[in-house]
Amino acid sequence: MDQEPALRIRNLVAGYAHLDILQDVSLDVRKGEFVALLGPNGAGKSTLLKTLYGMTTHKAGSINWRGQEMGGRKPKQFLAAGFGYVPQGRCNFPLMTVDENLEMASYTISGGDVAGERKHAYDLFPILHTRRNEFAGNMSGGEQQLLEMAMAVLRRPEILLVDEPSVGLSPQAITLVFNELKRLHQGGRTILLVEQNTRKAMEAAERAVVLRLGKVIWDSPASEVSHTDLGELFMTGRVLERSAGHAVGIH
Ligand SMILES: Nc1ncnc2c1ncn2[C@@H]1O[C@H](COP(=O)(O)OP(=O)(O)O)[C@@H](O)[C@H]1O
Ligand SMILES: [Mg+2]
């Protein structure tokens, strides 16, 4: 893993129209790193991922991606620069087959190699190949989540932004999805994962970043934050003295 951050976010302020949700967010993600972005409901986690895909209003601050300034750019520019986004929720096209969904995902940039990208998706997720003629909406929740991930990774993004992939899934499906995320990470992808299932997220990720009220309040190796710490951070924005060394912006 490179030591230089591939993604360097500095003093980012972003939101919707006149509403600032992210307030002065600074965060580095290194190439090949797996970062879990945690925090209570409404903290701004989804807003941060959307901002890293050009889907919110950028107000101030910098999103530097491998030396290139991305703040305020459009989704297709983030896509072209190597960002992949897996939004929260299920398949975009439930009445289309798996094959057709992958084809649709491939059309998002003109000049895409539809056959090659679909093959890449099937190589990464062989289970989807066995279901290729099934309507996406008829598949299990876990399989649909894999399809969502496949629709993002077929463009071979360097960084994958994944929003709450475990929501609504059975424990078995959650394990399946997390195993696939770990495999994608082992294959060299950089991953920024938003997750409410902190236990699973902390098992998979190398680093834990906690967002609360639009601010980063914690940033440490995943092994250095306990579930008790996370509970306290979510509820109060603070941790007890014993592990307060990594607190960010807490006075
Ligand atoms: N499209 C939107 N327009 C206006 N406010 C929004 C929109 N989406 C989310 N918000 C607000 O932004 C805040 C953060 O939401 P969100 O980023 O979804 O939080 P999280 O993902 O951490 O639960 C919330 O107060 C939410 O109501
Ligand atoms: Mg969210």
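As the structure is a prediction and not an experimental result, all values here were calculated from the model. All ligand and atom numbering here is 1-based and tracks the order in the structure.
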S.K.: State, without any angle test, whether T97 and N133 hold a side-chain donor-acceptor pair at a distance under 3.5 Å.
M.R.: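 Per modelled atom types, T97 and N133 side chains form no pair under 3.5 Å.
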
S.K.: With a cut-off of 4.0 Å, which atoms of ligand 1 are near a heavy atom of A43?
M.R.: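 Going through ligand 1 atom by atom, the ones under 4.0 Å from A43 are 19 (O), 20 (P), 22 (O).
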
S.K.: Got F83 and L7 here, is their nearest side-chain heavy-atom distance under 4.5 Å?
M.R.: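 Contact flag for F83/L7 side chains = yes.
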
S.K.: Side chain, backbone, both or neither: which applies to L19 and ligand 1 if a contact is any heavy-atom pair less than 4.0 Å apart?
M.R.: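 Near ligand 1, L19 shows its side chain, while the N, CA, C and O stay back.
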
S.K.: If you take all heavy atoms of M202 and A208, which pair is closest and at what distance?
M.R.: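 Between these two residues, the closest heavy atoms are SD-CB, 3.9 Å.
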
S.K.: Which atoms of ligand 1 have any heavy atom of I21 under 4.0 Å away?
M.R.: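 Selected atoms, number and element: 11 (C), 12 (O), 13 (C), 14 (C).
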
S.K.: For K31 and I159, run side chain to side chain contact (heavy atoms under 4.5 Å, CB included): C-alpha distance rounded to whole Å, both residues' side-chain angles, the deciding distance at 0.1 Å, then the answer.
M.R.: CA-CA 8 Å; K31 184 170 163 41; I159 181 165; over 6 Å; no

S.K.: If you count the atoms of ligand 1 from 1 in the order shown, which ones are under 4.0 Å from a heavy atom of T47?
M.R.: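 The list of qualifying atoms is 14 (C), 15 (O), 16 (P), 17 (O).
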
S.K.: Out of S46, A17, G42, who gets a non-hydrogen atom closest to atom 14 (C) of ligand 1?
M.R.: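 Ranked by closest heavy atom to atom 14 (C) of ligand 1, first place is G42.
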
S.K.: In terms of heavy-atom contacts, does CZ of R183 have more than 12 from other residues, nucleotides or ligands at under 6.0 Å?
M.R.: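 Yes - once you tally the heavy atoms of other residues, nucleotides and ligands closer than 6.0 Å, there are more than 12.
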
S.K.: Show your reasoning for whether side chain to side chain contact (heavy atoms under 4.5 Å, CB included) applies to F125 and L147.
M.R.: CA-CA 8 Å; F125 301 101; L147 176 58; over 6 Å; no

S.K.: Considering only protein heavy atoms, determine whether one is less than 4.0 Å from atom 26 (C) of ligand 1.
M.R.: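 When distances to the protein are checked, atom 26 (C) of ligand 1 has no heavy atom within 4.0 Å.
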
S.K.: Which bit of N41 is near ligand 1, meaning a heavy atom under 4.0 Å away: side chain, backbone, both or neither?
M.R.: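 Answer for N41: both.
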
S.K.: Start with the C-alpha distance between R132 and Y122, add both sets of side-chain angles, then the distance that settles side chain to side chain contact (heavy atoms under 4.5 Å, CB included), and finish with yes or no.
M.R.: CA-CA 9 Å; R132 64 190 178 280; Y122 286 142; 3.2 Å; yes

S.K.: Assess Q88: does it contribute an N, O or S atom lying under 2.8 Å from the Mg ion (ligand 2)?
M.R.: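 Coordinating: no.
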
S.K.: Only heavy atoms of P40, strictly under 4.0 Å: list the atoms of ligand 1 that pass.
M.R.: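 Within the 4.0 Å cut-off of P40, ligand 1 contributes 22 (O).
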
S.K.: For atom 10 (N) of ligand 1, what is the nearest protein heavy atom, given as residue, atom name and distance?
M.R.: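 Result: Y16 CE1, 3.5 Å.
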
S.K.: Please report which non-hydrogen protein atom sits nearest to atom 19 (O) of ligand 1, along with the residue it belongs to and the distance in Å to one decimal place.
M.R.: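 Sorting protein heavy atoms by distance from atom 19 (O) of ligand 1 puts G44 N, 3.2 Å first.
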
S.K.: Nearest protein heavy atom to atom 5 (N) of ligand 1: under 4.0 Å?
M.R.: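 So far as the 4.0 Å threshold goes, atom 5 (N) of ligand 1 is in reach of a protein heavy atom.
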
S.K.: Checking T56 against T51: is there a side-chain donor and acceptor pair closer than 3.5 Å?
M.R.: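 Judged by distance alone, the side chains do pair up.
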
